[in-house]
Amino acid sequence: MTAAAAQQGTTHQGILDWVTEVAELTQPDDIHWCTGSDEEWVQLTDFLVGTGTFIRLDESKKPNSFYAASDPIDVARVEDRTYICSRDERDAGPTNNWMDPDAMKELMRGLYAGCMKGRTMYVVPFVMGHLEAEHPMFGVEITDSAYVVASMRVMARMGSHVLRKMEELEAAGTEFSWVPALHSVGHPLAEGEDDVAWPCNETKYIVQFPEERMIWSFGSGYGGNALLGKKCYALRIASVMARDEGWLAEHMLILKLTSPEGVVKYVAAAFPSACGKTNLAMLQPTIPGWKVETLGDDIAWMRVGEDGRLWAVNPEYGFFGVAPGTNEHTNPNAMRTIAKGNSVFTNVALTEDGDVWWEGLENPPARATSWKGEPWTPDSTELSSHPNSRYCTPIKQCDILAAEYDDPRGVPIDAILFGGRRRDTIPLVFEARDWTHGTFLGATLSSETTAAAVGQVGVVRRDPMAMLPFIGYNAGDYFNHWITVGKENDAAKLPKIFYVNWFRRDDDGNFVWPGFGENSRVLKWVVERIDGQAAAVETPIGHVPTPESLDTDGLDMSAADLAKCLEVDAEEWKAELPQIQEWFDKFGDDLPGVLWTELDGLRARLEG
Ligand code: GDP
Ligand code: PGA
Ligand code: MN
Ligand code: MN
């Protein structure tokens, strides 16, 4: 049955062979080649309503939108179950889990054997980035989860048109590559067995085979583990391609900033998961006359163009945003985007009138059902929504999407911001002295852990370039790749690098900086620095704004609090030195020497 069913899908022999092989191993009841059509969306969402995975939201509140609650054991990325299976262990580096690729395949073939019994196997042709790109970045995801297919339709360009393009290229003899990405929730159904609302498996593996450009994922239905175009392909596998081909695949938002005078700048920013990328990408400035438009909120692929500038595209097609904290004040543009519907909400609360709610949203309902399926009221001591609950919504619905989003060439980046969540030490913003110093800031980026990954929350860890869970190879080589981009290109044309921290706290534990729309003041300082207009003080860590150089017109903040935001406390920074030393020691000889030189320079300036 399976070979014959596969046959109907495509004329592309390589894809057909792979689909047939996977079907023979996993034994699905059916094979469905996804078209990406509206009819298919209706079929999928009706099916998911039928199995209890989806609850349809009220049409007048969130049209064509759905609520889902996961199994409580499947709520976030699982970093300890994520592997880079390079042939040589050295190439996975000290920051990734590694297993020999053959051993991993044997182990996982055991898990995949018969794992789709009683289910439909969906084949999802997709492209990350533009189909019209010079080298389109194709992938095919096989999954046994209709939830994953529906989410993939929002998050990536997918469907028949992508498959047809691959078939055309093959027929024309044009060389191209595609990433096979295999996913199963790992929950086969016996004859007559009813499905559960959120099938998954206690055993989870999220595996990248970098040399083969291949992904195998098992046991989880959560976005970052299961929508394989996103983290697994567009970051882990793409970072390896980028190393080999001389470009950068980064965990960055992309935004367009227009000044009151009409001057346009493009900014990319890398913050760890749940540290403010989506919010900054859609920011509504509080300073008059400034405009932000969005290009992307999570991933940037960047290449140096013929003009020597660094050009960035967002390979995704939707937003997969953290729900809690999102509201009309913090992120009105996200609120408008999801209000248009066509969205999936996972692990938030369901209200009695068929809408969704989460912590931080306006107008708490008198009664709701929590993400755990329990009755919830504003007096409940438990959260209504998981801290990593998400909305999944089409990027095209965003009112402030920049027109350049549709340009396969992307946009030339003027500034890169690195940032993290730190209650102390890191000032609101400072500027790197040059590209190498900026690479040092990125390589030593630190942040308190969040609910976006399973594990302890609030612990400071190094998260280089916000890519710790996503670098698909040896992080020492990755730092070297960054240094090389700076060396081989004209530094004057590359973006200037900054470091930001919206999350400094006062003695009572409150955030000192109001954040969100007020972050436009920092963006303004950044572009004025680039144009040589804003003042800064040179400190041991880099260039920090003078209090006067930051636009504080209309900002409700005391001079003392502003000083607190901008403070560089030498003692706090000295305490950072042994932590950076320990971090760098992990890499042994693989750490580029210039990063040691940067650390020595920082130490000397702090102690001098
Ligand atoms: P992402 O995962 O990096 O895209 O982060 P999000 O933009 O989704 O934000 C994650 C969490 O941080 C949400 O709860 C936001 O409300 C919160 N957040 C985002 N920006 C700021 C900010 O400027 N200040 C503060 N205090 N919180 C923020
Ligand atoms: P985030 O994306 O960066 O918006 O949190 C999801 C993730 O990184 O897991
Ligand atoms: Mn992310
Ligand atoms: Mn985000």
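Quick note: residue numbers are just sequence positions, from 1. Ligands are counted one by one from 1 in listed order, and the atoms in each one are counted from 1 as well.
- Protein heavy atom nearest atom 9 (O) of ligand 2, with residue, atom name and distance: R77 NE, 2.5 Å.
- Listed by number with element, the atoms of ligand 2 under 4.0 angstrom from any heavy atom of K277 are 1 (P), 3 (O).
- The only option from Y147, W198, W371 that meets the side chain to side chain donor-acceptor pair (under 3.5 Å) definition with T346 turns out to be Y147.
- Counting only protein atoms, the N, O or S atoms lying less than 2.8 Å from the Mn ion (ligand 4) are T278 OG1, ordered by chain and residue number.
- Note: F126 and Y317 fail the aromatic proximity criterion, with ring centroids not under 6.0 Å apart.
- Heavy atoms from both the backbone and the side chain of S273 come within less than 4.0 Å of ligand 2.
- Of the possible polar contacts, none joining the S343 side chain to the T393 backbone as a donor-acceptor pair under 3.5 Å is found.
- Residue contacts with ligand 2: Y222 is placed with no nitrogen or oxygen under 3.5 Å of a nitrogen or oxygen of the ligand (distance criterion only).
- Counted by atom type alone, D144 and S184 present one or more donor-acceptor pairs between their side chains at under 3.5 Å.
- The nearest heavy-atom contact from the protein to atom 4 (O) of ligand 2 is R390 NH1, 3.3 Å.
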Using the side chain to side chain contact (heavy atoms under 4.5 Å, CB included) rule, take W435 and I497 through it: C-alpha gap first, then chi angles, then the decisive distance, then the call. CA-CA 7 Å; W435 182 271; I497 300 179; 3.8 Å; yes
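- Residues R461 and T449 have side chains that never bring a donor and an acceptor to within less than 3.5 angstrom of each other.
- Of the heavy atoms in F470, only side-chain atoms (C-beta onward) come closer than 4.0 Å to ligand 2.
- Heavy-atom proximity to D298, at under 4.0 Å, picks out these atoms of ligand 2: 1 (P), 2 (O), 3 (O), 4 (O).
- Annotation: side chain of N279 is not in contact with side chain of W502 (no heavy-atom distance under 4.5 Å).
- One distance of note links NZ of K231 with OH of Y233; it measures 16.0 Å at 0.5 Å rounding.
- W513 places a side-chain heavy atom less than 4.5 Å from the side chain of R521.
- Which parts of ligand 2 touch A274 is read off a 4.0 Å heavy-atom cut-off, strictly below it: atoms 5 (O).
- Between I413 and Y266, the closest side-chain pair of non-hydrogen atoms falls below 4.5 Å.
- Considering the Mn ion (ligand 3) as centre, the angle to NE2 of H251 and to NZ of K231 is 90° (10° rounding).
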